[in-house]
Amino acid sequence: MRIETTPIGWTAVDGGRRVGASGRWERPDGKRFAWIETASAEAAAALCAAMAEGRPLYTSADGDDRESLVLLGAAGFVGERYEHRWRLRVPVAAAWSEEPLRGFAVGPPDRFAAGALRRFDDELRADVPGLHGWRWRPEGWEEEHSGPNFDPELYPVAHDAARDRFAGLVRVWDNPARPRLGLVAAARPYRGTGLAAALLGRAFRVLRERGCTEVDAECDASNGAAKSFLYKAGGRITGGRVELVLRPGSG
């Protein structure tokens, strides 16, 4: 079996027949994630060896997809993190009070300096399991916030003028199939004040006015506080994904 490079990644060829393909991308936290298309554990291992280049390589699979999990395990991947998928009921959080927002300037992202908001996003992600070390590049942030699923009305940001700092934000992506809650978070000094819930309520009221009744979300299975929050928002678990890592030389 040989591995050939292509414009989008790598291809596994065995006896002149294509038996697999793969590619990778690097996230702002430095993790390199791979996609792998093959039914052969041997091809998967060879493709991953080519992609890894001596560094850890990550991928993910549906928690119920036993076939993919077995194949990835045979290729050397081990599970590192489990993430639940959630479905939230819009009317529940849409009824939450905005009282905790009194005294804050609340508006869409373009109301604030992009660089400062980008750094605040990095700060919030430092406390999200699986995202430690995340650092946006300006071009990556701009691309993320200029796509068709970005809707400033679903992205309230709270700023504390008295402390001259951001306090929290909610980000809902207006995906075609169903809106997706990307992040709901408050900075550490504002946790436990109801700020995050109030921001979610504001975004969900916009969705309610549009006739939307449900929103998708994800949450690390180990994050008890976030899970409790999502339950209070009318959420239910609908499935999950496993994040796996291959560490060269660990076998």
Side-chain angles (χ1 to χ4, degrees), residues 1-86 121-122 124-137 139-140 143-144 173 175 180-183 216-227 230 237-251:
M1 181 181 299
R2 70 177 187 276
I3 302 299
E4 300 177 348
T5 58
T6 74
I8 62 170
W10 292 262
T11 296
V13 179
D14 188 10
R17 183 171 61 92
R18 180 180 178 275
V19 294
S22 65
R24 74 176 187 220
W25 69 97
E26 185 164 329
R27 296 196 321 193
D29 59 357
K31 286 184 177 180
R32 299 197 302 177
F33 272 77
W35 58 265
I36 305 161
E37 294 180 354
T38 182
S40 162
E42 181 185 0
L47 288 165
C48 290
M51 287 189 289
E53 298 175 336
R55 289 177 53 188
L57 189 66
Y58 293 81
T59 192
S60 65
D62 190 283
D64 294 326
D65 188 350
R66 185 176 182 279
E67 183 177 341
S68 291
L69 291 171
V70 169
L71 185 145
L72 291 169
F77 282 91
V78 296
E80 183 168 85
R81 194 171 69 84
Y82 190 81
E83 188 174 77
H84 287 132
R85 288 194 297 267
W86 291 73
D121 189 89
D122 291 340
L124 294 176
R125 288 175 186 261
D127 290 331
V128 177
L131 299 182
H132 305 300
W134 191 284
R135 292 292 182 273
W136 278 113
R137 293 181 178 178
E139 58 272 22
E143 181 180 358
E144 183 87 350
W173 299 112
N175 296 345
R180 172 181 165 268
L181 176 62
L183 181 65
D216 289 333
E218 302 88 31
C219 175
D220 190 280
S222 68
N223 193 337
K227 288 164 63 177
L230 293 176
I237 294 173
T238 61
R241 290 191 70 78
V242 183
E243 183 176 294
L244 306 101
V245 60
L246 183 154
R247 300 186 187 279
S250 62

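Residues: numbered from 1 along the sequence shown. Computed from a predicted structure; not experimentally measured.
- The side-chain contact (heavy atoms from CB on, under 4.5 Å) test applied to Asp65 returns Asp62, Glu67, Ser68, not counting sequence neighbours.
- Panel note: side chain Asp216, backbone Arg85; no donor-acceptor pair is recorded below 3.5 Å.
- Checked against side-chain contact (heavy atoms from CB on, under 4.5 Å), Glu80 has the following partners two or more places apart in sequence or in another chain: Lys31, Tyr58, Glu243, Val245, Arg247.
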Donor-acceptor pairs are to be reported for all side-chain atoms of residues 40-55 against protein atoms at under 3.5 Å, with residues two or more places apart or in another chain.
unit_1: Ser40; atom_1: OG; unit_2: Glu42; atom_2: N; d: 3.3
unit_1: Ser40; atom_1: OG; unit_2: Ala43; atom_2: N; d: 3.0
unit_1: Glu53; atom_1: OE1; unit_2: Arg24; atom_2: NH1; d: 3.3
unit_1: Glu53; atom_1: OE1; unit_2: Arg24; atom_2: NH2; d: 3.2
unit_1: Arg55; atom_1: NH2; unit_2: Gly30; atom_2: O; d: 3.3

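- Residues Met1 and Ala12 approach most closely at SD-CB, 4.3 Å, considering heavy atoms.
- Going from atom CG of Asn175 over to atom CG of Leu181 covers 11.0 Å, rounded to the nearest 0.5 Å.
- Arg135 is linked by a side-chain hydrogen bond (donor to acceptor under 3.5 Å, both in side chains) to nothing, counting only residues two or more places apart in sequence or in another chain.
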Check step by step if side-chain contact (heavy atoms from CB on, under 4.5 Å) holds for Ile36 and Thr38.
-> CA-CA 6 Å; Ile36 305 161; Thr38 182; 3.8 Å; yes
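- For Asn223, the side-chain contact (heavy atoms from CB on, under 4.5 Å) test picks out Pro129, Cys219, Asp220, Ala225, Ala226, with sequence neighbours left out.
- By the salt bridge (Lys or Arg N to Asp or Glu O under 4.0 Å) test, Arg18 is found to be paired with no residue, residues two or more places apart in sequence or in another chain being considered.
- Closest approach of Gly63 and Val242 over heavy atoms only: CA-CG2, 4.0 Å.
- The two atoms that bring Trp134 and Arg27 nearest to each other are CZ3-NE, 3.8 Å, heavy atoms only.
- Under the side chain to side chain donor-acceptor pair (under 3.5 Å) criterion, the residue pairs touching residues 4-17 are Arg2-Glu4, with sequence neighbours excluded.
- In this structure, Asp64 has no side-chain hydrogen bond (donor to acceptor under 3.5 Å, both in side chains) partners at least two apart in sequence or on a different chain.
- When all heavy atoms of His84 and Ala221 are compared, the pair lying nearest together is CE1-CB, 3.6 Å.
- Taking both residues in full, the closest heavy atoms of Ala34 and Trp25 are given as C-CZ3, 4.1 Å, listed atom of the first, atom of the second, then distance.
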After noting the C-alpha distance and the side-chain angles of Phe77 and Leu57, does the key distance pass the side-chain contact (heavy atoms from CB on, under 4.5 Å) rule?
-> CA-CA 9 Å; Phe77 282 91; Leu57 189 66; 4.2 Å; yes
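- The side-chain contact (heavy atoms from CB on, under 4.5 Å) test applied to Leu183 returns Asp121, Leu124, Val128, Leu169, Arg171, Ala185, not counting sequence neighbours.
- Around the CD atom of Glu26, the shell of radius 6.0 Å holds more than 12 heavy atoms that belong to other residues, nucleotides or ligands.
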Go through the steps for Leu69 and Leu244 under the test side-chain contact (heavy atoms from CB on, under 4.5 Å), then give the verdict.
-> CA-CA 9 Å; Leu69 291 171; Leu244 306 101; 4.2 Å; yes
